Amino acid sequence: MSSDINKIPTSFYGITMVPQDNWREYGYALLTIAGSDGEVSDPELEWLTIECAQSVGVDEDIIADWEEYDFEEGELEEIFHSFNSRSFANFNKLLIYDAIRMSSADGEFAQDEREQVHHAAQILKVPMDTVLAIEALVDLEQAASKLRLTIL
C-alpha cells in the first residue's frame with residue numbers, strides 16, 4: 001500500500017520524511033542530468049531504480065515512471081518548479097550530490113553531465129564552492145569503496 005509520505009532512515013540523508021510525489025520529480029531531475037551526455041547508462045539507471053529507490057523506499061509506480069521517462073525532453077527549470085525544494089532541509093545539496101553519484105555510476109562523470117550539474121546548481125542556488133566540495137566528496141567515497149574492495 002502506498003503512502004503520501006516516505007519515512008526514511010536519517011543515517012544517510014539526514015532527513016526523516018519526504019512527500020512521496022517529490023521522489024518522482026527528484027528522479028526525473030537526476031535522469032535529465034545523467035542523460036545530458038546522450039544516454040542514461042544501465043549502471044546509472046540501476047543506481048537510481050535500485051540503490052537510491054531502496055534507500056529511500058520509493059514505490060514501484062514511481063520507479064516505473066522513472067524507467068519510462070524521456071530524459072531528452074526533460075527541462076530542469078520545469079522539473080524544479082513543479083515541486084517545492086524547500087520541503088525538506090538541504091534538498092538542493094542532496095539533489096546535486098545524488099546527481100553526481102548517479103552520473104558517475106558508470107565509471108565516468110562526463111563533461112556534459114558535469115555542466116548539467118553546474119546548471120542545476122545555479123537554478124537551485126547552490127554555491128559553486130559547495131558543488132566542488134560535493135564532487136570531491138563523491139570522488140573520496142568512490143576511492144574509499146575501491147580501497148575497501150581491494151583490501152577485502
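All of these numbers come straight from a predicted model, not from anything done at the bench.
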#### Entry: Close side-chain approach of Glu51 and Met102, heavy atoms under 4.5 Å
no
Among the clusters formed by ILVMFWY side chains lying less than 4.5 Å apart, do [X] and [Y] turn up in the same one?
X: Leu140; Y: Leu147; answer: no
X: Leu76; Y: Met128; answer: yes
X: Ile50; Y: Ile62; answer: no

Measure from the side-chain N and O atoms of [X] to the backbone N and O of [Y], and report whether any donor-acceptor pair falls under 3.5 Å.
X: Ser104; Y: Ile100; result: yes
X: Trp66; Y: Arg24; result: yes
X: Asp70; Y: Glu72; result: yes
X: Glu44; Y: Ser41; result: yes

### Task
Look at atom CD of Gln111 and say whether more than 12 heavy atoms of other residues, nucleotides or ligands are closer to it than 6.0 Å.
yes
### Where Ala34 and Ser103 come nearest, the two heavy atoms and their spacing
CA-OG, 3.5 Å
### Task
Could you pull out the closest heavy-atom pair between Phe80 and Ile123, with the gap in Å?
CD1-CG2, 3.5 Å
### Summary
Hits for side-chain contact (heavy atoms from CB on, under 4.5 Å) against Phe71, two or more places apart or cross-chain, chain-then-number order -> Leu31, Val40, Tyr69
So, taking the atom named [atom1] in [X] and the one named [atom2] in [Y], what distance separates them when rounded to the nearest 0.5 Å?
X: Leu48; Y: Tyr26; atom1: CG; atom2: OH; value: 9.5 Å
X: Thr130; Y: Asn92; atom1: OG1; atom2: CG; value: 11.0 Å
X: His118; Y: Ile96; atom1: NE2; atom2: CD1; value: 8.5 Å
X: Tyr28; Y: Thr32; atom1: OH; atom2: OG1; value: 10.0 Å
X: Leu45; Y: Leu30; atom1: CG; atom2: CG; value: 11.5 Å
X: Asp98; Y: Ser55; atom1: CG; atom2: OG; value: 7.5 Å

### Summary
The complete set of salt bridge (Lys or Arg N to Asp or Glu O under 4.0 Å) pairs with one or both residues in residues 105-115, sequence neighbours excluded, reads Arg114-Glu135
### Message
Whether the Glu141 and Tyr97 side chains hold a donor-acceptor pair (N or O, under 3.5 Å, no angle test) is what I'd like checked.
### Response
yes
### Query
Any luck finding a side-chain donor-acceptor pair between Glu77 and His119 under 3.5 Å?
yes
### Verdict with reasoning, Glu75 to Ile79, per side-chain contact (heavy atoms from CB on, under 4.5 Å)
CA-CA 6 Å; Glu75 292 291 330; Ile79 295 168; 5.8 Å; no
### Audit row: Leu152, Arg148, side-chain contact (heavy atoms from CB on, under 4.5 Å) steps and yes/no
CA-CA 6 Å; Leu152 302 177; Arg148 185 187 76 251; 3.5 Å; yes
